[in-house]
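Computed from a predicted model, the values in this text were never measured in an experiment. Positions are given from 1, in the same order as the sequence printed here.
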Amino acid sequence: MHWIAPTEKDAATASLEKRLWDAADQFRANSGLKAQEYSGPILGLIFLRFADLRFAALRAQLEAAGASARRGSRVDLPEAYHAQGVLYLAPEARFAQLLALPEAADIGAQVNAAMRAIEQHNPQLSGVLPKTYTLFTATLLKELLKKVSEIPASVDFDAFGRIYEYFLGEFARTEGQKGGEFYTPSSIVRLLIEVIEPFHGRILDPACGSGGMFVQSARFVAEHRQNPAAELAICGVEKTDETGRLCRLNLAVHGLEGDIRHGGNVNSYYDDPHDAVGAFDFVLANPPFNVNAVDKERLAAQVGPGRRFPFGLPRSDNANYLWIQLFYSALNARGRAGFVMANSASDARASEQELRQRLIESRAVDVMIAVGPNMFYTVTLPCTLWFLDRGKAASERADTVLFIDARHIYRQVDRAHRDWTPAQIGFIANLVRLYRGEEPDLTLGGDEAGTRLQQVFGEDDDGQPHYADVPGLCKVATIAEIEAQGWSLNPGRYVGVAPGEDVSDEDFREQLQALNEELETLNAQARALEQTIAANVAGILGA
C-alpha cells in the first residue's frame with residue numbers, strides 16, 4: 001500500500017520555531033562552541049521561559065484568591081505552586097528580571113544564579129539545570145533572551161512542547177550520530193504509544209534518552225481527558241549523565257516528574273535500579289542497535305525463568321536480544337511493550353533464532369511493523385517496530401501475530417527525511433485495533449484516518465470496518481506459518497505485494513532470500529532422502 005502525504009506544517013508555530021532556531025544558530029556561530037556545549041544552555045532558557053509563563057499564570061490566580069481569603073495570601077509559598085504541578089520561581093529566577101539586565105551586568109553569572117535558585121526551591125530538578133552561561137558574552141545572552149521572550153504568553157501547552165521537541169530534533173541533527181542517542185522522532189514515538197495505549201500504570205524506558213517516550217505518553221493520556229501526572233508512574237534509565245539531566249528537564253517542561261536513574265555506573269545491561277522484572281504495565285524504548293562487547297559473564301546470574309533474561313543469552317556478540325528480553329521480562333502479566341529494533345533482529349540466525357523462537361512460543365509477540373528508510377535524523381536505514389503483549393496468551397489472538405508493512409506510508413519532510421502525519425499514525429494504530437477486535441479510536445487522525453480505514457477495509461452491516469488481510473499492507477500469520485518461515489518476524493515475508501504494484505528492490509531481496517532459504521531446505525531434504533534410498537538399496541542388495 002502506497003500513501004505518500006503532502007508536506008504541511010502549522011505555519012505560525014513553524015515561523016516561531018525558525019526564528020528561535022536562527023537565534024540558536026547565531027549563538028553557535030558567534031560562540032565558537034560545539035553543539036553539545038551550547039544546546040544545554042539554550043534549552044535551559046527555553047525551559048525557563050515556559051516555567052515562567054506557567055508560574056506567572058498561577059501567581060495571578062493566587063493573588064486574586066489572596067485578596068479575598070481570610071488566611072492571607074499564599075502567593076509566595078513554594079508549596080502552593082508545587083500542589084498545582086508548577087515550579088516556584090524566586091524573584092531572581094524570573095524571566096523578566098533577567099531580560100531587564102543591562103549588558104554591562106554579568107548576565108552569565110546572573111543566569112547561573114537563577115538556575116541554582118530554581119533547583120533550590122524545586123528539589124526534583126536538583127543538579128539538572130545548566131549553569132555554564134558564563135561561557136557566553138553578555139551581548140550574546142542578551143540577544144538570546146530577547147529571542148526566547150518572543151515565545152508568546154498565549155502559546156498553549158502543546159505548542160510549547162512542539163517548540164521544545166523541535167529544538168531537541170534540530171540538535172539531534174546537528175550532533176549527527178550522537179544525537180540519535182537522545183532523540184527519537186516524534187512520529188515514531190507516537191505510533192508506538194498509540195499501539196500500546198498507556199492509559200494508566202507504570203511505564204519504563206531503560207534507554208530513555210531525553211524522555212520523548214514519557215512526554216508523548218503523557219500527551220496520549222491528556223488527549224483522552226485524563227491527568228497524566230495522576231495516571232502514569234514514570235521510570236527511566238539513561239547511561240549518559242548529561243542526557244539523563246536533559247530527560248528530567250524535558251519532563252519538567254511538560255509538568256511531569258519521574259524516577260530517572262542516570263550517569264555514574266548505571267547501565268541497563270548489568271543494572272536493574274527499578275527492580276523491573278514483572279513490575280511494569282508498559283515498556284517503551286529505542287535502544288542502541290547491534291551493540292557489541294557486552295560482558296556476558298556479568299549477566300550469568302540473571303538468566304532463566306523469572307529473571308531478566310528468561311530465554312538465555314545469545315552466543316553472538318550482539319546485544320539486540322538482550323534488550324528484547326529486558327523489555328519482555330519487565331512486563332507484568334498483562335503488560336505491553338513497544339520498541340524500535342534493527343531489521344536484522346527479525347531474521348537473525350543461530351542462537352538469536354533460538355531466542356526468537358522461545359519468545360514467539362511464549363505467545364507475547366503481538367504486532368510487527370516494517371518502517372521505511374529516512375525516518376530517523378541520524379541513520380537512513382529502515383527499522384522494525386516490535387510490540388509485545390503479555391496478556392495476549394489468554395486471548396483469541398494467542399496463536400497469531402499481525403504483520404504490517406508501513407514502508408510505503410510516509411510524508412516526505414525534505415529530501416533526506418520522512419515522517420508520518422497524524423492521519424497516517426491513526427490509520428496504522430487503528431488497523432491494529434481492528435485486529436484486536438477493538439473499536440477504532442480516531443482521537444489522532446480524525447476523519448482522514450477513519451475514511452482511509454473504510455476505503456481499505458470496507459464496512460460490515462454494522463457500519464464499522466473489520467480487519468482483513470490486505471496484500472502489500474497487513475497479514476495475520478499463525479505460529480505454524482511463522483515456524484515454516486524459520487521463525488522470521490520480518491513483515492515482508494508475510495505481507496507480500498499488492499496486485500498491480502511493482503516489487504521494490506528491498507521487497508525483491510526479501511523474496512529472493514525467502515526462496516533461497518526454501519531451496520536450501522528442499523536441497524537438504526533431498527540429500528537426506530538420497531542417503532536413505534542409497535542405504536536401503538545397499539541393504540536390499542547385500543541381503
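Under 3.5 Å, the side chains of Asp347 and Ser488 contain a donor-acceptor pair of N or O atoms. Side-chain contact of His417 with Asn374: a donor-acceptor pair under 3.5 Å is absent, judged by distance alone. Asn318 and Asn292 share no side-chain donor-acceptor pair at under 3.5 Å. Looking only at atom types and distance, the side chain of Gln302 has no donor-acceptor partner in the side chain of Arg307 under 3.5 Å away. Asn286 and Thr184 share a donor-acceptor pair across their side chains, judged by distance under 3.5 Å alone.
Side-chain contact between Leu529 and Ile533 is present, with heavy atoms from C-beta onward closer than 4.5 Å. Between Cys474 and Phe457 there is a side-chain heavy-atom pair separated by less than 4.5 Å. Under the 4.5 Å side-chain criterion, counting only non-hydrogen atoms from C-beta, Val237 is not in contact with Ile260. With contacts defined as side-chain heavy-atom distances shorter than 4.5 Å, the pair Leu359/Val365 qualifies. For the pair Leu385 and Val195, the minimum side-chain heavy-atom distance is 4.5 Å or more. Residues Tyr494 and Ile482 have side chains in contact (heavy-atom distance under 4.5 Å, counting atoms from C-beta outward). Looking at heavy atoms from C-beta onward, Phe220 lies out of side-chain contact with Pro228 at the 4.5 angstrom threshold. Side-chain contact between Met375 and Cys383 is absent, with no heavy-atom pair separated by less than 4.5 Å.
Remark: Val291 engages Tyr269, Pro288, Val294, Ala319 in a side chain to side chain contact (heavy atoms under 4.5 Å, CB included) (not counting sequence neighbours). Applying the salt bridge (charged side-chain N to carboxylate O under 4.0 Å, His left out) rule to Asp317 yields no partners; only residues at least two apart in sequence or on another chain are considered. Remark: Tyr270 engages no residue in a ring-ring contact (aromatic ring centres under 6.0 Å, His included) (not counting sequence neighbours). Taking the salt bridge (charged side-chain N to carboxylate O under 4.0 Å, His left out) definition, one finds that Arg436 meets it with Asp366, sequence neighbours left out. Applying the ring-ring contact (aromatic ring centres under 6.0 Å, His included) criterion to Trp386, with sequence neighbours excluded, gives Phe339. Not a single salt bridge (charged side-chain N to carboxylate O under 4.0 Å, His left out) links Asp441 to another residue, sequence neighbours left out. Listed by chain and number, the residues in a salt bridge (charged side-chain N to carboxylate O under 4.0 Å, His left out) with Asp259 are Arg261 (sequence neighbours excluded). Legend: residues meeting side chain to side chain contact (heavy atoms under 4.5 Å, CB included) with Gln455, ordered by chain and number and at least two apart, are Thr451, Arg452.
Taking both residues in full, the closest heavy atoms of Ser217 and Pro198 are given as OG-CG, 4.0 Å, listed atom of the first, atom of the second, then distance.
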Problem set entry | Full working for side chain to side chain donor-acceptor pair (under 3.5 Å) between Asn343 and Thr384 | CA-CA 5 Å; Asn343 275 354; Thr384 307; 2.5 Å; yes

For this session: May I have the step-by-step check of salt bridge (Lys or Arg N to Asp or Glu O under 4.0 Å) for Glu354 and Arg315, ending in yes or no?
Result: CA-CA 10 Å; Glu354 296 167 10; Arg315 293 187 293 275; 3.4 Å; yes

Exercise. Going through the checks in order, is the salt bridge (Lys or Arg N to Asp or Glu O under 4.0 Å) test met by Glu361 and Arg356?
Worked result: CA-CA 9 Å; Glu361 289 176 336; Arg356 188 169 62 249; over 6 Å; no

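The six-membered or imidazole ring of Phe199 lies near that of His224, with a centre-to-centre distance under 6.0 Å.
Pairs engaging residues 192-207 under the side chain to side chain donor-acceptor pair (under 3.5 Å) rule: Arg190-Glu194, Glu194-Arg433, Glu197-Arg336, Glu197-Arg433, His200-Glu231 [sequence neighbours left out]. Legend: ring-ring contact (aromatic ring centres under 6.0 Å, His included) pairs involving residues 469-493, not counting sequence neighbours: none detected. Annotation: ring-ring contact (aromatic ring centres under 6.0 Å, His included) contacts involving residues 285-304, sequence neighbours excluded, are absent. Under the ring-ring contact (aromatic ring centres under 6.0 Å, His included) criterion, the residue pairs touching residues 424-447 are Trp3-Phe427, with sequence neighbours excluded.
A salt bridge is defined here as a Lys NZ or Arg NE, NH1 or NH2 lying under 4.0 Å from an Asp or Glu carboxylate O, and Glu238 with Arg248 fails to meet this definition.
Within the 3.5 Å criterion, the main-chain N or O of Ala364 finds no donor-acceptor partner in the side chain of Asp389. Put simply, the side chain of Asn250 never gets that close to the backbone of Leu246: no donor and acceptor are under 3.5 Å apart. Of the possible polar contacts, one joining the Asp272 side chain to the Ala276 backbone as a donor-acceptor pair under 3.5 Å is found. Between the side chain of His274 and the main chain of Gly236, a donor-acceptor pair closer than 3.5 Å is present.
In this structure, Phe282 CZ and Cys235 SG are separated by 13.5 Å, a value rounded to the nearest 0.5 Å.
Seen from the ring of Tyr328, Arg390 counts as a face-on cation partner, given the 6.0 Å and 45° thresholds.
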